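First up is the structure itself, then whatever we jot down about it.
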Amino acid sequence: MKKKVFISVCIGIILIGVIGSVWAITRPHGDYVQIVQDGMVLYRFDLSTAEDQTIDIEYSGRINTVQIESGKIRMLSADCRDHTCVKMGWLNSAAAPIVCLPNHLVIEFADSDSDLDAVV
């Protein structure tokens with residue numbers, strides 16, 4: 001009987017650890033997002049204070065339209081064949097950025113508003 005209780009407690013602790021780890025990895029680490037093209041940060045926003053707007057971003061004659069509305073951000077439209085970036089919907093997880101491969105564009109959560117990557 002004691003062995004079954006011990007095994008049940010161990011399984012419970014492991015499950016709590018796994019669920020907590022997944023939650024910590026996938027949750028956004030703040031309200032800051034950045035729009036990156038070819039490794040360069042084009043825009044950086046604090047979604048909690050950003051006003052509703054649309055932004056057109058050009059790449060080789062093709063246009064992507066990014067929408068910020070009610071503290072959320074998404075790819076509204078894109079001049080690419082598959083429109084995978086548009087189908088991704090609103091950015092809601094730090095683990096899955098919105099990516100438009102043909103137009104080299106990424107919308108992702110950023111750690112903070114600071115330009116510093118590290119402090120020594």
Side-chain angles (χ1 to χ4, degrees):
M1 184 65 149
K2 289 182 181 182
K3 190 175 186 179
K4 288 182 182 180
V5 171
F6 178 73
I7 291 173
S8 296
V9 170
C10 289
I11 290 173
I13 290 171
I14 290 171
L15 284 175
I16 290 171
V18 169
I19 291 169
S21 297
V22 169
W23 177 77
I25 290 171
T26 59
R27 73 177 175 90
H29 298 288
D31 291 331
Y32 293 98
V33 294
Q34 58 189 16
I35 301 173
V36 180
Q37 189 172 53
D38 287 332
M40 274 186 28
V41 177
L42 302 177
Y43 300 95
R44 183 182 293 252
F45 299 100
D46 179 354
L47 290 178
S48 64
T49 60
E51 60 186 52
D52 293 352
Q53 59 185 300
T54 57
I55 302 164
D56 290 330
I57 302 169
E58 191 264 334
Y59 182 82
S60 296
R62 298 183 300 260
I63 302 288
N64 285 56
T65 303
V66 176
Q67 179 184 26
I68 298 175
E69 182 178 283
S70 302
K72 300 182 293 184
I73 189 167
R74 70 174 174 163
M75 191 77 67
L76 183 62
S77 64
D79 288 341
C80 58
R81 291 182 184 198
D82 59 6
H83 295 100
T84 300
C85 54
V86 176
K87 294 174 188 173
M88 292 182 78
W90 299 99
L91 181 66
N92 59 11
S93 171
I98 298 173
V99 178
C100 183
L101 287 176
N103 297 338
H104 302 203
L105 196 63
V106 178
I107 302 172
E108 62 188 1
F109 280 100
D111 287 334
S112 69
D113 196 27
S114 170
D115 289 335
L116 294 175
D117 288 336
V119 175
V120 178

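Just so it is clear, the structure is predicted and the values come from calculations on it, not from any experiment.
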For residues [X] and [Y], report the shortest heavy-atom separation together with the two atoms involved.
X: V106; Y: P97; result: CG1-CB, 4.0 Å
X: L91; Y: V33; result: CD2-CG1, 3.9 Å
X: C100; Y: M75; result: CB-CE, 4.4 Å
X: S48; Y: D31; result: CB-OD2, 3.3 Å

From [atom1] ([X]) to [atom2] ([Y]), nearest 0.5 Å:
X: C80; Y: L101; atom1: SG; atom2: CG; value: 9.0 Å
X: Q34; Y: I73; atom1: CD; atom2: CD1; value: 10.5 Å
X: I63; Y: I55; atom1: CD1; atom2: CD1; value: 13.0 Å
X: W90; Y: K72; atom1: CH2; atom2: NZ; value: 5.0 Å

Check whether [X] and [Y] end up in the same hydrophobic cluster, where Ile, Leu, Val, Met, Phe, Trp and Tyr are linked by side-chain heavy atoms less than 4.5 Å apart.
X: F109; Y: L42; answer: yes
X: L47; Y: M88; answer: yes
X: V5; Y: I13; answer: yes
X: I107; Y: Y43; answer: yes
X: L76; Y: V99; answer: no

For [Y], does its backbone N or O pair with a side-chain atom of [X] as donor and acceptor, under 3.5 Å?
X: R62; Y: P102; result: yes
X: Q67; Y: D52; result: no
X: H83; Y: S77; result: no

The side chain to side chain contact (heavy atoms under 4.5 Å, CB included) partner of L105 among N64, V36, D38 is N64

TODO: Indicate whether any N or O donor in one side chain lies under 3.5 Å from an N or O acceptor in the other, for T65 and T54.
DONE: no

- request: Start with the C-alpha distance between F45 and I35, add both sets of side-chain angles, then the distance that settles side-chain contact (heavy atoms from CB on, under 4.5 Å), and finish with yes or no.
  value: CA-CA 9 Å; F45 299 100; I35 301 173; 4.0 Å; yes

Pair V66, R74 - check side-chain contact (heavy atoms from CB on, under 4.5 Å), show working.
CA-CA 6 Å; V66 176; R74 70 174 174 163; over 6 Å; no

